Amino acid sequence: MKNNFPIGIFDSGIGGLTVANAVCEHLPNEEIIYFGDTAHLPYGDKSAEAVQHYSIKIADFLLERKCKLILIACNTASAAAYETVVNHVAGNVPVLNVIDPVVELVAAEKSIHKVGIIGTKGTIKSQLYDHKLKALRPDVEVVSLATALLASMIEAGFYNNSVSQAIINNYLQYPDFSDIEGMILACTHYPLIKKEVDSFYNHRIKIFDSNEAVAKKMKIVLEETNLLNDVKRNTHKFFVSDFTESFEQTTKIFFKQEIHLEHFAMWD
Ligand code: DGL
């Protein structure tokens with residue numbers, strides 16, 4: 001039965017494991033096939049065309065492994081390649097991104113009239129969050145900033161310490177952010193610095209990340225399409241396009257259980 005098939009999740013690397021983790025927590029019966037394109041990391045500095053090209057190839061990899069749904073866990077790829085992947089799979093499986101669920105969440109917060117967004121250069125340059133939010137809430141002012149250092153900083157283990165707080169503070173002192181009422185953490189890695197962003201604003205503003213919203217959205221889509229798994233599966237698989245021990249070590253930051261990364265040479 002198709003409902004017992006796995007869910008495909010992909011990201012530029014291992015940061016998307018934060019999203020996979022939320023999916024595992026909300027949908028404990030589901031089996032996951034994760035693909036991290038570590039050979040091309042970071043996507044944040046790549047052209048939209050390059051990210052679209054990678055995303056199609058990865059979507060094919062997930063479809064070949066019978067995935068019943070594809071989640072683009074990477075914000076940069078969600079911004080650059082969501083439509084491309086949707087067109088490519090041509091209705092065969094539902095495709096989710098990490099942008100729409102959080103935008104809907106923010107739009108529903110009627111007390112928010114000015115919102116800040118931080119993410120990679122690619123995500124911010126696309127202005128997709130701005131456009132999607134404006135479409136739902138034309139009264140909301142959107143201000144955004146590319147915070148290029150943050151993903152690599154977190155991946156190197158710098159979060160919840162004085163170094164990360166100094167860098168975060170430096171970015172958040174951006175004048176346009178001085179009177180925001182909400183902040184969207186538009187990157188796979190940023191849930192790990194949510195507390196630090198919150199303390200920069202003295203808990204005055206609402207901070208949004210996509211993880212929980214995406215997992216809830218996925219549950220709704222699986223229910224609507226009769227694709228919810230009815231038996232518990234514990235055989236998640238995690239593939240990367242380039243393997244190093246350091247990547248495997250770093251997964252501990254993003255995923256709550258210990259995992260083993262399998263190398264899949266997609267680009268050789
Ligand atoms: N996964 C990317 C994102 O969410 C961050 C890392 C990268 O630039 O590849 O935008």
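Indexing begins at 1, ligand by ligand and atom by atom, following the structure's order. One is the number of the first residue; the rest follow in order along the sequence. Given the structure is predicted, the values throughout are model-derived calculations rather than measurements. Every heavy atom of this structure was used, including side-chain atoms; hydrogens, water molecules and symmetry mates were not.
A donor and an acceptor atom, one from each side chain of Q165 and N169, are located under 3.5 Å apart.
Here the heavy atom of the protein found nearest to atom 2 (C) of ligand 1 is C74 SG, 3.5 Å. Among all protein heavy atoms, the one lying closest to atom 10 (O) of ligand 1 is T76 OG1, 2.6 Å. Regarding atom 6 (C) of ligand 1, its nearest protein heavy-atom neighbour is S12 OG, 3.7 Å.
Listed by number with element, the atoms of ligand 1 under 4.0 angstrom from any heavy atom of G44 are 7 (C), 8 (O), 9 (O). Remark: ligand 1 atoms within the under-4.0 Å shell around heavy atoms of L41 are 9 (O). Interface of C187 with ligand 1, defined as ligand atoms under 4.0 Å from a residue heavy atom, comprises 3 (C), 4 (O), 5 (C). The distance from ligand 1 to the heavy atoms of D11 drops below 4.0 Å at these ligand atoms: 1 (N).
Here K217 does not pair with D100 in a salt bridge; the nearest charged N to carboxylate O distance is not below 4.0 Å. For R65 and E31, the salt-bridge test fails: no basic side-chain N is under 4.0 Å from an acidic carboxylate O.
F10 and F61 have their aromatic ring centers separated by at least 6.0 angstrom.
The aromatic rings of H189 and F254 stand perpendicular to each other, their planes meeting at an angle above 60°, with 30° marking the opposite boundary.
Inclusion of Y43 in the set of residues having an N or O under 3.5 Å from an N or O of ligand 1 is warranted.
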How far apart are the C-alpha atoms of Y129 and V106, what are their side-chain angles, what is the distance that settles it, and do they pass the side chain to side chain contact (heavy atoms under 4.5 Å, CB included) test?
-> CA-CA 11 Å; Y129 274 93; V106 178; over 6 Å; no
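Residue-level proximity to ligand 1 for D45 is absent, since no heavy atom of it falls below 4.0 angstrom.
Considering D130, L136, L128 as possible partners of V103, the one that fulfils the side chain to side chain contact (heavy atoms under 4.5 Å, CB included) test is L136.
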